[in-house]
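Taking it in order: structure first as structure tokens, then the write-up.
Quantities reported herein were computed from a predicted structural model and do not represent experimental measurements. We count residues from 1, following the sequence as given.
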Amino acid sequence: MRGPWLLLGTCAIGVLMTSGAYAGCSDNPGPNINWTGCSKARLMLAGDDFSGSVLTKAALSASDFAGSSMVGAKLNETEVTRTRFEGAVLSDADFTKAIGWRANFTKANLAKANFHSADMSRSSFVQANLAGANLGKSEMNRSDFSSADLTGADMSRAELARAGFAKAKLGGVNFSLSNLSRANLAGADLDAVDLTRSYVFLTQFAGANLAKAKGLTQAQIDIACGDGTTKLPAGLTAPSSWPCPAEAE
């Protein structure tokens with residue numbers, strides 16, 4: 001028969017193993033590292049290899065990961081405010097519920113990355129590869145997606161007020177139920193884009209090609225902003241309010 005001390009010891013080991021208590025906060029950067037819950041703010045980590053690493057709930061604010069390899073890294077619920085990921089390889093990375101105001105993802109490879117329910121407001125995704133990425137229910141207000149590749153990305157139910165999409169590749173993007181109020185989609189080719197029940201109040205569609213957009217209604221067009229060069233789906237007409245007067249920031 002086991003003694004009480006043996007039972008308690010076994011239970012304690014079980015708790016440690018299931019609680020993720022083995023995060024190596026003092027470990028040097030490297031592939032598959034576990035920094036769960038670690039404080040790593042304001043560190044210079046540019047060019048390091050974090051492939052397959054677990055950085056869940058870590059504090060990484062104002063750190064520099066520019067040019068780093070972070071393929072498949074887990075950054076869910078991680079703090080990355082003002083963190084630099086410029087040129088980093090983040091394909092298949094998981095940013096679910098991460099917080100990253102003014103984070104810099106310029107020219108980063110974020111193909112099939114997961115930003116579901118993340119808050120990345122005012123962040124830069126300029127020239128980033130976000131093809132097939134999941135940004136559903138994310139907060140990306142005032143973020144800059146200029147010249148980014150968003151082909152096939154899921155941005156459904158996302159908050160995208162005043163976001164910029166100048167020269168972005170948007171083929172097949174799912175914007176259904178998203179908030180695109182005052183976003184800049186001027187000149188965009190919106191081939192097969194799903195705008196079902198998206199909120200497009202004063203959204204800039206000047207020169208945009210909406211001819212093959214899905215789910216677009218006359219009611220949406222009536223509150224959006226376009227001009228004589230905006231191409232609309234068959235059956236929809238430009239309202240007399242177009243072009244909209246210039247708006248102060």
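In this structure, the side chain to side chain contact (heavy atoms under 4.5 Å, CB included) partners of S124, at least two apart in sequence or on a different chain, are N104, T106, V126. Scanning for side chain to side chain contact (heavy atoms under 4.5 Å, CB included) contacts around R102 gives R82, R122, with sequence neighbours left out. By the ring-ring contact (aromatic ring centres under 6.0 Å, His included) test, F105 pairs with F85, F95, F115, F125, sequence neighbours left out.
Within the 4.5 Å cutoff, side-chain heavy atoms of F205 are placed close to those of L190. Side chains of S69 and F50 form no contact here, defined as non-hydrogen atoms less than 4.5 Å apart. Residues L170 and F165 meet the side-chain proximity criterion, which asks for heavy atoms closer than 4.5 Å.
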If you apply the rule side chain to side chain contact (heavy atoms under 4.5 Å, CB included), what do you find for T36 with L55, and how did you get there? CA-CA 5 Å; T36 300; L55 308 172; over 6 Å; no
Given side chain to side chain contact (heavy atoms under 4.5 Å, CB included), test L135 with M155 step by step and report yes or no. CA-CA 5 Å; L135 295 92; M155 303 186 91; 4.0 Å; yes
Take L202 and I223 through the test side chain to side chain contact (heavy atoms under 4.5 Å, CB included) and record every step on the way to the result. CA-CA 6 Å; L202 298 183; I223 62 171; over 6 Å; no
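How far CG of L216 is from OG1 of T196: 9.0 Å, rounded to the nearest 0.5 Å. With rounding to the nearest 0.5 angstrom, the CE atom of M140 is 11.5 Å from the CD atom of E159. A distance of 11.5 Å separates CG in L130 from OG in S91, rounded to the nearest 0.5 Å. Note that OG1 of T230 and CG of N209 are 9.5 Å apart. Values are rounded to the nearest 0.5 Å. A distance of 10.0 Å separates CG in N174 from CZ in R157, rounded to the nearest 0.5 Å. In this structure, CG on D92 lies 10.0 Å from CG on N114, to the nearest 0.5 angstrom.
Both F201 and L160 sit in one connected hydrophobic cluster of ILVMFWY residues. Membership requires side-chain heavy atoms under 4.5 Å apart, directly or through other members. With hydrophobic clusters built from ILVMFWY side chains whose heavy atoms lie under 4.5 angstrom apart, V89 does not share a cluster with L150. In this structure, L185 is not a member of the same hydrophobic cluster as L177, with clusters built from ILVMFWY side-chain heavy atoms closer than 4.5 Å. No path of Ile, Leu, Val, Met, Phe, Trp and Tyr side chains, each step under 4.5 Å between heavy atoms, connects V54 with L75, placing them in separate hydrophobic clusters.
T83 and L60 make their closest contact through OG1-O, 2.6 Å (heavy atoms, listed as atom of the first residue, atom of the second, distance). Looking at every heavy atom in both residues, A58 comes nearest to T78 through O-CG2, 3.1 Å. The two atoms that bring G136 and N134 nearest to each other are N-OD1, 2.9 Å, heavy atoms only. Closest approach of A133 to L110, counting heavy atoms only: CB-O, 3.9 Å. Here the closest non-hydrogen pair linking Y199 and T203 is O-OG1, 4.3 Å. The two residues A103 and S123 come nearest to each other via the heavy atoms N-OG, 3.0 Å.
Between the side chain of W242 and the backbone N or O of A224, at least one donor-acceptor pair lies under 3.5 Å. At distances below 3.5 Å, at least one donor-acceptor pair connects side-chain atoms of S63 with backbone N or O atoms of L43. Put simply, the side chain of Q220 gets close to the backbone of L195: a donor and an acceptor are under 3.5 Å apart. Checking side-chain atoms of S53 against main-chain N and O of G30 turns up a donor-acceptor pair under 3.5 Å. Of the possible polar contacts, one joining the S68 side chain to the L45 backbone as a donor-acceptor pair under 3.5 Å is found. With D227 contributing its side chain and G207 its backbone, the two residues share a donor-acceptor pair below 3.5 Å. Under a 3.5 Å cut-off, the side chain of S143 and the backbone N or O of M120 do form a donor-acceptor pair. Distance alone, capped at 3.5 Å, is enough to place a donor-acceptor pair between the N129 side chain and the A131 backbone.
Sequence neighbours left out, the pairs with a member in residues 58-80 that pass salt bridge (charged side-chain N to carboxylate O under 4.0 Å, His left out) are D64-R84. Sorted by first and then second residue, the salt bridge (charged side-chain N to carboxylate O under 4.0 Å, His left out) pairs with a member in residues 173-194 read R182-E247; sequence neighbours excluded.
Side chains of Q204 and N184: a donor-acceptor N/O pair is absent below 3.5 angstrom, by distance only. Looking at T56 and N76, their side chains do bring a donor and an acceptor atom within 3.5 Å of each other. Checked by atom type, the side-chain pair W35/D27 shows no donor-acceptor distance below 3.5 Å.
Partner of S178 under the side chain to side chain contact (heavy atoms under 4.5 Å, CB included) criterion, out of S138, S156, S198: S198 alone.
Within 6.0 Å of NZ on K167 lie no more than 12 heavy atoms contributed by other residues, nucleotides or ligands.
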Show the atom names and distances, to 0.1 Å, of all donor-acceptor pairs under 3.5 Å that link a side chain in residues 234-241 to residues at least two apart or in another chain.
none

